[in-house]
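Right, one structure below, let's go through it.
Computed from a predicted model, the values in this text were never measured in an experiment. Every chain is numbered from 1 and lettered A, B, ... according to where its sequence line falls, protein lines coming before strand lines.
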2 protein chains.
Amino acid sequence: MVTPSLRARVRAGMIEEIKAVARRHLATDGADLSLRAVARDLGMVSSAIYRYFPSRDDLLTALILEAYDALGDAVETADADADVDDLRGRWFAACRAARTWALAHPAEYALLYGSPVPGYAAPDDTVAPAQRPPMTLLGILRDGVTSGRLATPDEVLPEPLRGDVAELVDQTAVALPPALMARGMAGWTQLFGLISFELFGRINRALPHRDEYFDHQIGLMADLLGLPGPRLRC
Amino acid sequence: MVTPSLRARVRAGMIEEIKAVARRHLATDGADLSLRAVARDLGMVSSAIYRYFPSRDDLLTALILEAYDALGDAVETADADADVDDLRGRWFAACRAARTWALAHPAEYALLYGSPVPGYAAPDDTVAPAQRPPMTLLGILRDGVTSGRLATPDEVLPEPLRGDVAELVDQTAVALPPALMARGMAGWTQLFGLISFELFGRINRALPHRDEYFDHQIGLMADLLGLPGPRLRC
DNA sequence: GAAAGTCAAGAGCGGTGCTCTCGATTTTGA
DNA sequence: TCAAAATCGAGAGCACCGCTCTTGACTTTC
């Protein structure tokens, strides 16, 4: 193993330091990250940042990648920590983990799932990490199908759509009946919508018990998915 | 009736012209609206814009208000044009109208439902227009309840949540059983999530038939709401 | 020990939102 | 009617932004 040179180690530390300060600025000042402000905080001149990141967008991309991975880690470990046979419990754990991470890192969540920055185009590196949370949810459904505890919904997709969803099933390599795949995507969409509404302030201030509201709405989707466990209907 | 002075009429026309140019810039260049660019297009100097809008945020607010009203009009007329007794048809019409408007005005949709601009705080004027689309959806459910064609879901909300939702029912003045209200909010959340994913995300690259996908997902929520009509289950 | 590579700093370019002043024009009211 | 008041566009200027280029000092490599 080759030990990196002193300069390489200092450089790696500098990159991490820049990202840390940038992340802090993101959390306090919002999404419009200022390179010059980051440089000021580091006691540098703005042009020095360009030794480590070729442009502001590249720094943003690095932060986005880290955020995707942090969210993916949170969701995956929450799923893994739950009882593997408790499908409903795993669904709730994964969804709650996503929400908890988003509430703790609102600016980074906005970076991932907010409106795209006008001039910015996410590189292909971000595709795989971005799919980790929905993949985790689909994995729960797949486990339910393979273990026979999750029934296939009885609706049939109309033909042009059925082919699309079947292709998506192939691409994601998560074998699911198309109808269940569509319901799973509905669950993922609902999770994103719930978090976004709560975070971007569109949710009504008249809902003080947000944890309970979130759980209830997630439970509705769990029912729709047919996840076994204590249903909402009492 | 007092005829406004020439100067007042010119001023009103100028305000409209600035908004029109700004809206065009929004559509082409994205959300980061440049006052100077708008002024250039109008053959003015940037400082002249401040005679009509005290700040860039105020111009943005005016555009946001117009966008909310345009979306609200689209959704409400789509609902009104449908057969008043066809609850499921009205739900579909309203949701499709929202999506159609969003696809036709992506930048304005992003302005309304994207991540909030860091320094910008939406004034209270925007609250009422912002609630028109979800209110339309809830109105469909209310009509179903009052006409007896829409059954109350059989789940019971746990207590802290039930009070919140009941208060929300009071505030919105749309009399709905709390459980149905919660399901209606799920439908609204799903609609927002579907449109946002299609507009912002990369989830649908493998879904060429987006109309059919949207209709199917909306149909899932219509089933969840118990809207009478041809269900998805074939 | 010289050549090559890397670094921070500074100046500068064109862009942004915004403020202020200054004449010119229009509206108002005695 | 005619002067005072209000409104207007233009311009200069401030502080900030992302980014580029050059310069001189430093470190690594051969």
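- Look at CD1 on Ile49(A): it is 14 Å from C1' on dC17(D), rounded to the nearest Å.
- Between the CG atom of Leu59(A) and the P atom of dG18(D) there is a distance of 10 Å, rounded to whole Å.
- When the nearest nucleotides of DNA chain D are assigned to Arg11(B) and Ser46(B) by heavy-atom distance, the more 5′-ward of the two goes with Arg11(B).
- Residue Arg51(A) places none of its side-chain N or O atoms closer than 4.0 Å to OP1 or OP2 of dT20(D).
- Within 4.0 Å of Tyr52(B), counting heavy atoms only, lie sugar-phosphate atoms of the nucleic acid but no base atom.
- Atom CZ of Arg132(B) is surrounded by more than 12 heavy atoms from other residues, nucleotides or ligands within 6.0 Å.
- Rounded to whole Å, atom P of dT7(D) lies 17 Å from atom CZ of Arg9(B).
- Between the P atom of dT6(C) and the CE atom of Met44(A) lies a distance of 16 Å, rounded to the nearest Å.
- In this structure, Leu33(A) reaches the sugar-phosphate backbone alone: every heavy-atom distance under 4.0 Å involves primed, P, OP1 or OP2 atoms, never a base.
- A donor and an acceptor atom, one from each side chain of Tyr50(B) and Ser55(B), are nowhere located under 3.5 Å apart.
- Counting heavy atoms of neighbouring residues, nucleotides and ligands inside a 6.0 Å radius, atom CD of Glu167(B) does not exceed 12 of them.
- Using a 4.0 Å cut-off, no side-chain N or O of Arg36(B) falls inside it from OP1 or OP2 of dG17(C).
- Remark: the Tyr109(A) side chain and the Ser196(A) side chain contain an N/O donor-acceptor pair separated by less than 3.5 Å.
- When distances are taken from the side chain of Arg56(A) to each of dG17(C), dC19(D), dC7(C), the shortest belongs to dC19(D).
- For Ser47(B) against dG11(D), a side-chain N or O and a base N or O form a donor-acceptor pair under 3.5 Å.
- In this model, the phosphate group of dC17(D) is approached by a side-chain N or O of Ser34(A) to a distance below 4.0 Å at OP1 or OP2.
- Closest contact between the side chain of Ala48(A) and the listed nucleotides dC7(C), dC8(D), dA8(C) involves dA8(C).
- Across the protein-nucleic acid pair, Asp32(B) atom CG and dG15(C) atom P stand 15 Å apart, rounded to whole Å.
- Rounding to whole angstrom units, CZ of residue Arg40(B) and P of dG14(C) are separated by 13 Å.
- For Met14(B), taking side-chain heavy atoms from C-beta onward, the closest of the listed nucleotides dC17(D), dA10(D), dG9(D) is dG9(D).
- Residue Ser55(A) places no side-chain atom within donor-acceptor reach of the base of dG18(D), judged by atom type and a 3.5 Å distance cut-off alone.
- Atom OH of Tyr50(A) and atom C1' of dG12(C) are 14 Å apart (whole Å).
- Side chains of Leu71(A) and Pro133(A) form a contact here, defined as non-hydrogen atoms less than 4.5 Å apart.
- What separates CG of Leu60(B) from C1' of dC18(C) is a distance of 15 Å, to the nearest Å.
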